Every structure is written in C-alpha cells, then in structure tokens.
Amino acid sequence: MLKDEIIELIAPCHFGLEAVLKKEILDLGYEIVAVEDGRVTFKGDIGAVARANIFLRTTERVLIKCGSFTAHTFDDLFEGVKAIPWEKYLPRDAKFWVTKATTNKSDLFSASAIQSIVKKAMVDRMSSTFHIRTFAEDGDEYPVRIFIFKNEVTVGLDTTGVSLHKRGYRKLVGKAPISETLAAALIMLTPWHHDRILVDPFCGSGTFPIEAALIGANIAPGMNREFISNNWGKMIPKQVWYEAYDEARSLVKTDVDMNIQGYDLDPEIVKCAMQNARDAEVDKYIHFQQRNVKDLHNPHPYGFIITNPPYGERLEDKKDLPALYRTIGESYMGLKDWSMFIITSYEEAEKYIGRKADKNRKIYNGMIKSYFYQFMGKRPPKRNK
C-alpha cells in the first residue's frame, strides 16, 4: 500500500516546455526532484496522483516512479525490474504490460526485447509473492513505461491511460491540429491574462481559444474525464479521487468576463470549433467566425494574437507561405500595441512578417522542430487600485 508514503511521480512534456510544467507542479504545492529533457519528476502523497491528473495542463501523463537502476545487459534489466516490490502496486488479478519502452544512448536498444524482458521479470516477482505460476490478468489495467538513457533505467507505472491531451472536448479536428497540452503550455508562456483580448486568426478546431478559456475560467483540464487509475482501489482510495474532483469544481470561476475570438477561412471547421467549445462548456467566452487573416482589425489596444498558422507541411504549399506571412505581418502592424505569439516550423517567418521577434523559443511539436516567435507589444498602463 502507498497510502501513507511519499512517492515520486514523473510528468512527461514537450521538449522545451519543462519550465512551464515545473511551475504548474510547484503551484500545486509539490516538491520538484528533477527537471530533465521532456519530463519533470516530483514528490507527493498518493493524492498527488489524482490532483496531477486533474489539474496539470501541460503534461501528457502522470507516472508513479517504481524504480531506477543501471543496466548494461538484459540480465541487468531483468534483475533490476524483479527487485522492484511490484506487490505494493499491483493486485493479484492485475492486467499488466509494458505499453512503451524508449531507449537512447544505451547498450540496450531493442524496444520489443526490453518490453518482453520487463514483463517476464514482473511475472517472476509476482509469482514468488503470490505463490502462483500463472496469472489470469482479468482485473484492472496497470500499464508500465520504461525509459533508458545512458544505461540508466527508469520504470514508471502509468496512472493516466488515455493521454492527458485528450480533454474530452475535441471530437472534431481540422488539418494539422495543435495538441491541447502544447497549446496550453504556449499560452502559459505568454503574459496573456483573461482580461485581455485574445485572437487566433487560424483557429482550426479551436484549440488555442478553448484552452485559453479553460485557463481564464480556472477550469481544470481533467475535471470532466476519468483516468486508468480511478479503479486502483488497492493503491488509491476512492475518497482521494472524490476530494480532488470536488476541489477542481470549487475553483472554477463562474463570473469571469473574457473576450476570446477564433477565426478561420473554412466555414466547416469554424462549425467544428463552435461544437468543441460547447463540449468544453466554454462557448460563452469565445466568438468564432469565418474570416481571413487580412481582415483582422480591432480598435482596442493591448490585445494578443496566439496562433498556429500553416507552415507548408506539403511541398506544394510552401510557395504560398511568403504571401501568407506578409499578410500576417501587415494585419499585426495595424493593431495598436498588440502582442503576437506564433508557433511555426517556417524558418523565414520573421523575414516576411517584417519584424524580428523579441524572443524566439525552439519547441518540438511532435517530431517537427518549430519556433515560438514572440512579438511583444506595449504593456497597458497600470490601473489604480
């Protein structure tokens, strides 16, 4: 039982966005153990499993760190996994398997072989503990993930199941959608606040506007979904989940006022965005409309553009990019004291926008190397308290 223990949890994220996730975890009140490329490790009680899954916006999943050790051979791997006290985590009828193994700069490089060896080692440990040779595995699911870097093995038990970017609202998507976790992280990298106008002129299925509305209304992204560990009664009492869901509901700001707008050229994808916003229960905060980026006008100062414009994934589209990014730049220049944040893999974006970005951050959007260009407008004058 882990009920009264302090455990280590691993939260993977997009490369380049570890600092955003670290801040989220600190804001939840947990202690950071390590920040590495693409993941943050932190400490908490068993309640941290529920709260991290429900509240964290920028991680893909939450893993319980079961063990770590050095392995140069498959024998090392077998013995290291077998030494983990799996009986603390898994009930006798557990369905357990290695859902993913990643290895980098290590002697062990065959993912399928690693998965097979780890499963055998787990079975061996469970057999000696429960004094049975075969397992029906007809109970709840306990997926395991293995990370090996420079021969250092980390073993994690996946408490999430379906990735956390699956908030549950985006059933309809357009071409080249940005993931919900990446969109949330990019918004959180900006100084946008819910009392400032936000426009996405290439909104697609509405991910940026919807994630902004969730942030502005303080709606926890996992509040309306379930996780694979909801059923792990041996490890995580149901009361822990009830309390975490209740906490999330109590923190929602129902009276917040926001001006968020999403535009797209495709009328059908605009309809999809509207439906996704309704499913996320934030449609009252967002105005969606069919509109060309060249028609982007707004009389109010100090607004924000946060967007993921086309960047020519197909060769035949690349010829259109100079004109498109020139139009983006012209529309932006017509807005008084606005800030603009663009994620794109188009390396000549600044040239055609007509202005060098104040900041440029390298982000990996899946396997695509992208850039988060940040064009900063003037800050609004401070209000008298």
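Computed from a prediction, not measured in an experiment: that's the story for all the values here. No hydrogens, no waters, no symmetry mates; every other heavy atom, side chains included, goes into these values.
With 3.5 Å as the limit, one finds no donor-acceptor pair spanning the side chains of N151 and T70. For the 3.5 Å distance criterion, the side chains of N365 and S345 fail to qualify, holding no donor opposite an acceptor. No side-chain donor-acceptor contact under 3.5 Å links H300 and N298. Under the 3.5 Å distance criterion, with hydrogens and angles disregarded, a donor-acceptor pair is assigned to the side chains of Y169 and E211. In this structure, a donor-acceptor pair under 3.5 Å is absent between the side chains of E180 and T207. There is a side-chain donor-acceptor pair under 3.5 Å between D76 and T73. For the 3.5 Å distance criterion, the side chains of Y371 and E347 qualify, holding a donor opposite an acceptor.
More than 12 heavy atoms of other residues, nucleotides or ligands lie within 6.0 Å of NZ in K65, so this atom counts as buried by the packing criterion. Counting non-hydrogen atoms of other residues, nucleotides and ligands closer than 6.0 Å to CZ of F130 gives a total above 12. Surrounding CG of D138 are more than 12 heavy atoms belonging to other residues, nucleotides or ligands, all under 6.0 Å away.
Both I342 and M333 are assigned to one and the same hydrophobic cluster, defined by single-linkage of ILVMFWY side chains at heavy-atom distances under 4.5 Å. No continuous path of hydrophobic side-chain contacts links Y302 to L335 [ILVMFWY only; heavy atoms under 4.5 Å]. Transitive grouping of hydrophobic side chains (ILVMFWY, heavy atoms separated by less than 4.5 Å) keeps F147 and V155 in distinct clusters. Under the 4.5 Å side-chain heavy-atom criterion for ILVMFWY residues, no single connected hydrophobic cluster contains both W97 and I84.
One finds a salt bridge joining K23 and D27 here, because a Lys/Arg side-chain nitrogen approaches an Asp/Glu carboxylate oxygen to under 4.0 Å. A salt bridge is absent between R92 and E87; no separation between the charged side-chain nitrogens and carboxylate oxygens falls under 4.0 Å. Between E330 and K294 no salt bridge is recorded (no basic side-chain N to carboxylate O distance below 4.0 Å). A salt bridge is defined here as a Lys NZ or Arg NE, NH1 or NH2 lying under 4.0 Å from an Asp or Glu carboxylate O, and E137 with K95 fails to meet this definition. Using a 4.0 Å cut-off between charged side-chain N and carboxylate O, K271 and E268 make a salt bridge.
Counting only heavy atoms from C-beta outward, the side chains of V153 and L77 approach each other to under 4.5 Å. Contact check for Y325 versus P309: side-chain heavy atoms found under the 4.5 Å cut-off. For the pair M188/T58, a side-chain contact is recorded, criterion being any heavy-atom separation below 4.5 Å from C-beta on. Annotation: side chain of C272 is in contact with side chain of I269 (closest heavy-atom distance under 4.5 Å). Looking only at side-chain heavy atoms (C-beta outward), V252 and M223 come within less than 4.5 Å of each other. Side-chain contact between E18 and R39: absent, with no pair of heavy atoms (C-beta onward) separated by less than 4.5 Å. The closest side-chain heavy-atom distance from H287 to Q289 is below 4.5 Å. When side chains are defined from C-beta on, Y89 counts as touching I64, because their heavy atoms get closer than 4.5 Å.
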Practice task
Show the numbers, then the answer: is there a salt bridge (Lys or Arg N to Asp or Glu O under 4.0 Å) between R355 and E350?
Solution key: CA-CA 6 Å; R355 174 180 159 183; E350 290 170 299; over 6 Å; no
Problem - Stepwise salt bridge (Lys or Arg N to Asp or Glu O under 4.0 Å) check, D124 with K82 - result: CA-CA 7 Å; D124 204 38; K82 185 180 175 182; 2.9 Å; yes
Handout entry: Audit row: F74, I114, side chain to side chain contact (heavy atoms under 4.5 Å, CB included) steps and yes/no
Key = CA-CA 8 Å; F74 284 120; I114 291 165; 4.1 Å; yes
Exercise for the section: Decide side chain to side chain contact (heavy atoms under 4.5 Å, CB included) for V62 and N53; before the verdict, give the C-alpha distance in whole Å, the side-chain angles of both, and the deciding distance to 0.1 Å. Expected result: CA-CA 6 Å; V62 178; N53 273 299; 3.8 Å; yes
Exercise for the section: Using the side chain to side chain contact (heavy atoms under 4.5 Å, CB included) rule, take K22 and L26 through it: C-alpha gap first, then chi angles, then the decisive distance, then the call. Expected result: CA-CA 6 Å; K22 176 185 174 182; L26 289 171; 4.1 Å; yes
Exercise for the section: Report the C-alpha separation of K105 and F149 in whole Å, then their side-chain angles, then the decisive distance to 0.1 Å, and conclude whether the side chain to side chain contact (heavy atoms under 4.5 Å, CB included) test is met. Expected result: CA-CA 6 Å; K105 299 179 182 177; F149 180 66; 4.0 Å; yes
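The closest donor-acceptor contact from the side chain of D45 to the backbone of A48 lies under 3.5 Å. Remark: the backbone N or O of G377 is paired with a side-chain donor or acceptor of S339 at under 3.5 angstrom. R170 places no side-chain N or O within donor-acceptor distance of the main-chain N or O of R167, the cut-off being under 3.5 Å. Not one N or O on the side chain of R225 forms a donor-acceptor pair closer than 3.5 Å with the backbone of I54. Formation of a donor-acceptor pair under 3.5 Å by the Q374 side chain with backbone atoms of F341 is not found in this model. Although no hydrogens or angles enter the test, the distance criterion places no donor-acceptor pair under 3.5 Å between the side chain of N360 and the main chain of Y373. When atom types are taken as modelled, the side chain of W192 and the backbone of R196 share a donor-acceptor pair closer than 3.5 angstrom. Here the side chain of K238 pairs a donor or acceptor atom with the backbone of N230 at under 3.5 angstrom. For R291 (side chain) and P201 (main-chain N/O), no donor-acceptor pair under 3.5 Å exists by modelled atom type. Judged purely by atom type and a 3.5 angstrom limit, S106 has no side-chain atom pairing as donor or acceptor with the backbone of L108.
Aromatic ring centres of W241 and F227: separated by under 6.0 Å. Taking the ring centroids of Y142 and W232, they lie under the 6.0 Å cut-off.
Shown are T102, T103, V118; of these, the side chain to side chain contact (heavy atoms under 4.5 Å, CB included) with I146 is made only by V118. Checked options I187, L17, N308; the residue passing with L182 is L17 (criterion: side chain to side chain contact (heavy atoms under 4.5 Å, CB included)). Screening Y285, F288, Y263 against P209 for a side chain to side chain contact (heavy atoms under 4.5 Å, CB included) leaves a single residue, F288.
Summarising the geometry, atom SG belonging to C203 is positioned 13.5 Å from atom CD1 belonging to I306; distances are rounded to the nearest 0.5 Å. Here the CD1 atom belonging to I25 is positioned 7.0 Å from the OG1 atom belonging to T59, to the nearest 0.5 angstrom. Between H14 atom NE2 and S370 atom OG the span is 10.0 Å, to the nearest 0.5 Å. Atom CZ in R145 sits 14.0 Å away from atom OG1 in T154 (nearest 0.5 Å). The structure places CD1 of I328 at 6.0 Å from CD1 of I353, a figure rounded to the nearest 0.5 Å. Atom CG of N224 and atom CD of E281 lie 5.5 Å apart (nearest 0.5 Å).
Geometric assessment of K119 against the ring of F96 yields a positive cation-pi assignment under the 6.0 Å and 45° thresholds.
Here the closest non-hydrogen pair linking P143 and L157 is O-CD1, 3.5 Å.
Within the structure, every pair that satisfies the salt bridge (charged side-chain N to carboxylate O under 4.0 Å, His left out) test and touches residues 50-64, not counting sequence neighbours, is listed here: R51-E247, R61-D158.
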